[in-house]
Amino acid sequence: MVMSFRVSELQVLLGFAGRNKSGRKHELLAKALHLLKSSCAPSVQMKIKELYRRRFPRKTLGPSDLSLLSLPPGTPPVGSSGPLAPIPPALLAPGTLLGPKREVDMHPSLPQPVHPDVTMKPLPFYEVYGELIRPTTLASTSSQRFEEAHFTFALTPQQVQQILTSREVLPGAKCDYTIQVQLRFCLCETSCPQEDYFPPNLFVKVNGKLCPLPGYLPPTKNGAEPKRPSRPINITPLARLSATVPNTIVVNWSSEFGRNYSLSVYLVRQLTAGTLLQKLRAKGIRNPDHSRALIKEKLTADPDSEVATTSLRVSLICPLGKMRLAVPCRALTCAHLQSFDAALYLQMNEKKPTWTCPVCDKKAPYESLIIDGLFMEILNSCSDCDEIQFMEDGSWCPMKPKKESSEASSTAQSKRALRQRIRRRLKLLT
């Protein structure tokens, strides 16, 4: 409780206990913790409880609070030095929620527990290093239209060091961290891994500062309510990168009947499109026989069809960049042979993650991408054509580039026009 106090609460507490209340926040916090370690009178305990209730009138204990309460007697919290006496039961406010059971008892109408078995869908561009707040229900606690929930989390010294050492100066003199504190929202559903999904009218404050959210999308219909694109939120710039001072998150949203949401916080490492391309290459190149079998299947004569397809034309130009393919890939879920360039596809999804196939507009997630071995062979052996034709037996032949054919036709037309002009002049002369 003391570790969540602001400067004003720490000064009130130290002044009440007759201690020196001057100094910076970390000094005041150290004095308050020392007050707890040495001797804590019942009156001081009551004052702490009063300040805590005033600071968080409707606060539920977060995972970091629960971890502190579950420590054995004499075990100091992260970042503190020396033994610490256990927190007396009288210090806890009567309305403090100590677990899912108490939460359900106080709100019997809520079917979801505080920590449901919600699993967030993995994000290709982020590698999870740790779970700071496990998926927790944003449940409606009153009949009011707008709801508010409070959360806390603490970083370990190792996690703080990981974040600080990952700082990079990006182009444009912008400093960023590759290891980040990531906030995610989703629907409170346990049937399958959940994608990011924002509650309506969402506002987030981290350590008292308003957290910037993705901008609203233009409305698709007249009069439709604008919607934010749901994606993970990097709250590292607002986080306290300290192992002694916890972080607080305040969430405001509009409640919806019959629908609850979930919040979670992770420590992640941000990956680049180049890193994902290396991982895709490391998976290996798919055997060319797979594509040959698909070609034969597509060109097999259908006895019910009046028109038989004997060949199949495929472009070697990427539909994304309109350039020749370098790393031909497609998703296992795609039924077409046409490939797209893996590097361009990953770069586009790094800026705006849609994971949609540019050929068939179906979902093409990163985990289902494969590098086509047959197209790699074709690209390596045929460098002067942009289109090929597959035959029934799976073989292929290069098609004449349209540019060359158009140049040849234009040359033939110019020759015919020249001959006609010569004939007219000869007639005039004769």
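These numbers come from the heavy atoms of this one structure, side chains and all, not from hydrogens, waters or symmetry mates.
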Cys382 to Pro398 - nearest heavy-atom pair and separation:
SG-CB, 3.9 Å
Salt-bridge test for Glu27 and Arg24: reply yes if a basic N is under 4.0 Å from a carboxylate O, no otherwise.
no
Are Phe185 and Tyr261 close enough that their ring centres sit under 6.0 Å apart?
no
Closest approach of Phe198 to Pro214 (non-hydrogen atoms, all atoms of both residues)
CE1-CD, 3.8 Å
Looking only at non-hydrogen atoms, find the nearest pair between Glu131 and Pro135 and report the distance.
OE2-CD, 3.4 Å
Would you find a donor on one side and an acceptor on the other, under 3.5 Å apart, between the side chain of Thr165 and the backbone of Gln161?
yes
Is any side-chain heavy atom of Phe203 less than 4.5 Å from a side-chain heavy atom of Val251?
no
Around atom NZ of Lys205, are there more than 12 heavy atoms from other residues, nucleotides or ligands closer than 6.0 Å?
no
Show, in sequence, the C-alpha distance, side-chain angles and deciding distance for Ile317 and Leu325, and conclude whether the side-chain contact (heavy atoms from CB on, under 4.5 Å) test is met.
CA-CA 6 Å; Ile317 300 296; Leu325 293 167; over 6 Å; no
With Tyr129 as partner, the option from Gln158, Arg269, Gln162, Gln182 fulfilling side-chain hydrogen bond (donor to acceptor under 3.5 Å, both in side chains) is Arg269
Has Tyr345 got a side-chain atom pairing as donor or acceptor with Pro358's backbone, closer than 3.5 angstrom?
no
Okay, side chain of Arg53, backbone of Ile48: is any donor-acceptor separation there less than 3.5 Å?
no
Compare all side-chain heavy atoms of Cys329 with those of Phe340 and state whether any distance is below 4.5 angstrom.
yes
Dump the intermediate steps for side-chain contact (heavy atoms from CB on, under 4.5 Å) on Phe151 and Leu263, then the final yes or no.
CA-CA 9 Å; Phe151 302 88; Leu263 170 146; 4.0 Å; yes
Check: Gln347 and Leu320 side chains under 4.5 Å, non-hydrogen atoms
no
Which pairs, with at least one residue in residues 188-204 and sequence neighbours excluded, count as a salt bridge (Lys or Arg N to Asp or Glu O under 4.0 Å)?
Lys121-Glu195, Arg184-Asp196
Below 4.5 Å, heavy atoms only, C-beta onward: do Trp355 and Pro124 meet side chain to side chain?
yes
In terms of heavy-atom contacts, does NZ of Lys25 have more than 12 from other residues, nucleotides or ligands at under 6.0 Å?
yes
Ser254 side-chain N/O to Phe146 backbone N/O, donor-acceptor pair under 3.5 Å:
no
Is there side-chain contact between Ile371 and Leu280, with heavy atoms separated by less than 4.5 Å?
yes
Apply the test side-chain contact (heavy atoms from CB on, under 4.5 Å) to residues Leu155 and Ile163: give CA-CA distance (whole Å), side-chain angles for both, the deciding distance (0.1 Å), then the verdict.
CA-CA 10 Å; Leu155 297 169; Ile163 297 172; 4.2 Å; yes
Donor-acceptor pair, Gln278 side chain versus Thr275 backbone, under 3.5 Å?
no
Run the numbers on Val181 and Asn234 for side-chain contact (heavy atoms from CB on, under 4.5 Å), then give the verdict.
CA-CA 6 Å; Val181 180; Asn234 178 18; 5.5 Å; no
Can you check whether Gly373's main-chain N or O pairs, donor with acceptor, with Arg286's side chain at less than 3.5 Å?
no
Taking Leu369's backbone N and O only, do any of them form a donor-acceptor pair with Lys283's side chain (distance below 3.5 Å, no angle check)?
yes
Please name the pair of heavy atoms, one in Met391 and one in Leu299, separated by the smallest distance, quoted to 0.1 Å.
O-CD1, 3.2 Å
Pair Glu387 + Arg313: basic N to acidic O under 4.0 Å
yes
With a 4.5 Å heavy-atom cut-off, do Lys298 and Leu312 have their side chains touching?
yes
Could you tell me whether a side-chain N or O of Ser242 sits under 3.5 Å from a main-chain N or O of Arg240, the two making a donor and an acceptor?
no
Donor-acceptor pair, Arg134 side chain versus Ser264 backbone, under 3.5 Å?
no
Are the side chains of Leu138 and Thr136 in contact, using a 4.5 Å heavy-atom criterion?
no
With a 4.5 Å cut-off on side-chain heavy atoms, are Thr156 and Gln159 touching?
yes
Is it the case that the side chain of Glu377 and the backbone of Leu374 share a donor-acceptor pair, with hydrogens and angles ignored and the cut-off at 3.5 Å?
no
Nearest heavy-atom neighbours spanning Ala32 and Leu10:
CB-CD2, 3.9 Å
Would you say the side chains of Asp372 and Ser291 form a donor-acceptor pair under 3.5 Å?
yes
Could you report the tightest heavy-atom contact between Arg259 and Leu187, atom names first, then the distance?
CD-CD2, 3.7 Å
